[in-house]
Amino acid sequence: MKWFPFGKKHPPKVPDAWDFYPCQVDHHPASIFLNLAYADFAPIETHPTFLWIGLQILEPDDHGMGHRDDAEKLHAIEDRIVERAEKAGMLFVGRLRNNGDWQLSFYGTDEHEAQLEPLAAAGLGGETRGIHVGAKPDPEWGYFSEFLFPPEERVQWMKNRDVVLQLQQHGDVLTQPRTIDHCVVFPPGIDPGEFLENIKSKGFTTHDVGDPKGAERVFELRRDDPVELEHIHEIAMQLSEEVEAAGGTYDGWGCPVVTDGD
């Protein structure tokens, strides 16, 4: 993470890049929602303290992340808390839903700790719900970078999800196999021959689409597969792991839309 020389009194203007991903926390299903843009700005010198407000999920459901009706109430409470916290100078960076707890994550200063309980109470608006608050020094923003921010596998899942959602929006029948193009890139000096032969044995055809005189070699790997999210994610991760072991990088996938009329 980079250190940006912002002034002591004014934090940077960070764009909105909110997204979420599912994961496991303490062996329980979890969902993390965060502003990914903070990765390009953190750590922010003016906000060296990690602060949190945890709200009890009254209807956690079997997965522990909240029944829809209770989640709607918590979203409204969250909006009220975040609005007040940001006016007080805190930076809202993300939220963890896990094991009956709805935890809001902020960065600020030591002085902000005393405001956490009043903020939670104001957000609840008289509703009875358990809360817990706390703060700890985190000048390097370790909680954001090492816990909230997704690992590479989850980043790839998010990319795969976005492509699948686009296909769904166009009426795609996700269970229908079709030719999928996966792109892999090899830097100069890396021989992809063994990797390509191994991939062919798994039913892929390989197509060299890079300029032999260029700095990189680019290949499209094609095979017919359905595009249900978990299925295509497994394929993408297998290819990613194998191409990285061979010295290259996986650069995503694409395919045509397949509808009932096709």
Side-chain angles (χ1 to χ4, degrees), residues 1-57 64-65 74-75 77-120 122-123 131-159 161-162 244 249:
M1 301 180 77
K2 300 178 181 179
W3 188 283
F4 284 72
F6 296 105
K8 295 289 185 181
K9 296 183 179 179
H10 302 289
K13 177 64 176 176
V14 178
D16 286 334
W18 292 94
D19 210 333
F20 81 95
Y21 64 95
C23 59
Q24 290 271 322
V25 173
D26 295 331
H27 307 292
H28 294 282
S31 175
I32 291 178
F33 174 68
L34 76 162
N35 187 351
L36 296 165
Y38 275 107
D40 294 327
F41 294 84
I44 296 174
E45 184 179 5
T46 55
H47 291 64
T49 303
F50 168 58
L51 308 114
W52 65 89
I53 296 175
L55 304 166
Q56 180 189 11
I57 300 176
M65 290 184 285
L74 283 160
H75 277 297
I77 294 169
E78 174 183 305
D79 289 344
R80 293 193 291 269
I81 291 174
V82 169
E83 181 181 6
R84 289 169 171 82
E86 290 180 336
K87 286 181 179 178
M90 302 181 208
L91 302 176
F92 178 51
V93 297
R95 176 225 303 139
L96 167 67
R97 295 167 62 179
N98 167 248
N99 199 24
D101 189 31
W102 186 288
Q103 181 176 292
L104 310 180
S105 300
F106 303 89
Y107 276 89
T109 65
D110 291 343
E111 289 75 16
H112 285 129
E113 183 175 4
Q115 302 178 42
L116 296 176
E117 287 196 16
L119 280 171
I131 65 169
H132 63 92
V133 303
K136 67 177 182 179
D138 188 13
E140 294 301 318
W141 280 48
Y143 184 83
F144 177 83
S145 62
E146 298 169 16
F147 180 76
L148 288 180
F149 199 82
E152 285 301 317
E153 184 272 335
R154 291 288 85 186
V155 171
Q156 185 63 55
W157 181 89
M158 295 162 78
K159 292 177 180 178
R161 176 205 58 198
D162 290 346
E244 286 181 12
T249 57

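All residue numbers refer to positions in the sequence shown, counting from 1.
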Under 4.5 Å between any side-chain heavy atoms of [X] and [Y], yes or no?
{"X": "Phe92", "Y": "Trp18", "result": "yes"}
{"X": "Phe147", "Y": "Ile32", "result": "yes"}
{"X": "Pro12", "Y": "Ile44", "result": "yes"}
{"X": "Asp19", "Y": "Met158", "result": "yes"}
{"X": "Val93", "Y": "Leu34", "result": "no"}

Which residues satisfy the ring pair (Phe, Tyr, Trp, His ring centres under 6.0 Å) test with [X], sequence neighbours excluded?
{"X": "His28", "value": "none"}
{"X": "Tyr107", "value": "Phe50, Trp141"}
{"X": "Phe20", "value": "none"}

Closest contact, heavy atoms only, [X] versus [Y]:
{"X": "Ala37", "Y": "Pro15", "value": "CB-O, 3.4 Å"}
{"X": "Gly64", "Y": "Ile57", "value": "O-CD1, 3.8 Å"}
{"X": "Leu51", "Y": "Gly108", "value": "CD1-N, 3.2 Å"}
{"X": "Leu116", "Y": "Gly134", "value": "CD1-O, 3.3 Å"}
{"X": "Thr49", "Y": "Thr109", "value": "OG1-C, 3.6 Å"}
{"X": "Val25", "Y": "Ala30", "value": "CG2-CB, 3.7 Å"}

Exercise for review: With side chain to side chain contact (heavy atoms under 4.5 Å, CB included) as the test, would you mind laying out the steps for Phe106 and Ile81 before giving the verdict?
Suggested key: CA-CA 11 Å; Phe106 303 89; Ile81 291 174; 4.2 Å; yes

**Study point:** Tyr38 vs Leu91, side chain to side chain contact (heavy atoms under 4.5 Å, CB included): CA-CA, chis, key distance, verdict
**Key:** CA-CA 10 Å; Tyr38 275 107; Leu91 302 176; 3.7 Å; yes

Excluding sequence neighbours, so at least two apart, what forms side-chain hydrogen bond (donor to acceptor under 3.5 Å, both in side chains) with [X]?
{"X": "Tyr21", "result": "none"}
{"X": "Thr249", "result": "none"}
{"X": "Asn99", "result": "none"}
{"X": "Trp52", "result": "none"}

Check your understanding: Roughly how far apart are Cys23 SG and Asn98 CG, rounded to 0.5 Å?
Key ->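 So the gap between those two atoms works out to 7.5 Å.
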
Exercise for review: Apply side-chain contact (heavy atoms from CB on, under 4.5 Å) to Val155 and list each qualifying residue two or more places apart in sequence or on a separate chain.
Suggested key: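 In terms of side-chain contact (heavy atoms from CB on, under 4.5 Å), with neighbours along the sequence ignored, Val155 is linked to Pro150, Lys159.
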
Point to revise | All side-chain contact (heavy atoms from CB on, under 4.5 Å) counterparts of Pro118, not counting sequence neighbours | key: none

Tell me the salt bridge (Lys or Arg N to Asp or Glu O under 4.0 Å) pairs involving [range], sequence neighbours left out?
{"range": "residues 147-158", "value": "none"}
{"range": "residues 109-119", "value": "none"}
{"range": "residues 82-95", "value": "Glu78-Arg95, Glu83-Lys87"}

Any donor-acceptor N/O pair, [X] side chain to [Y] backbone, under 3.5 Å:
{"X": "Asn35", "Y": "Ala17", "result": "yes"}
{"X": "Asp101", "Y": "His132", "result": "no"}
{"X": "His112", "Y": "Ala88", "result": "yes"}
{"X": "His47", "Y": "Gly89", "result": "yes"}

Check your understanding: Are Leu55 and Ile77 close enough, and set up right, to give a side chain to side chain contact (heavy atoms under 4.5 Å, CB included), and what steps lead you there?
Key -> CA-CA 9 Å; Leu55 304 166; Ile77 294 169; 3.9 Å; yes

Point to revise | Test side chain to side chain contact (heavy atoms under 4.5 Å, CB included) applied to Leu148 and Ser105, step by step | key: CA-CA 9 Å; Leu148 288 180; Ser105 300; 4.1 Å; yes

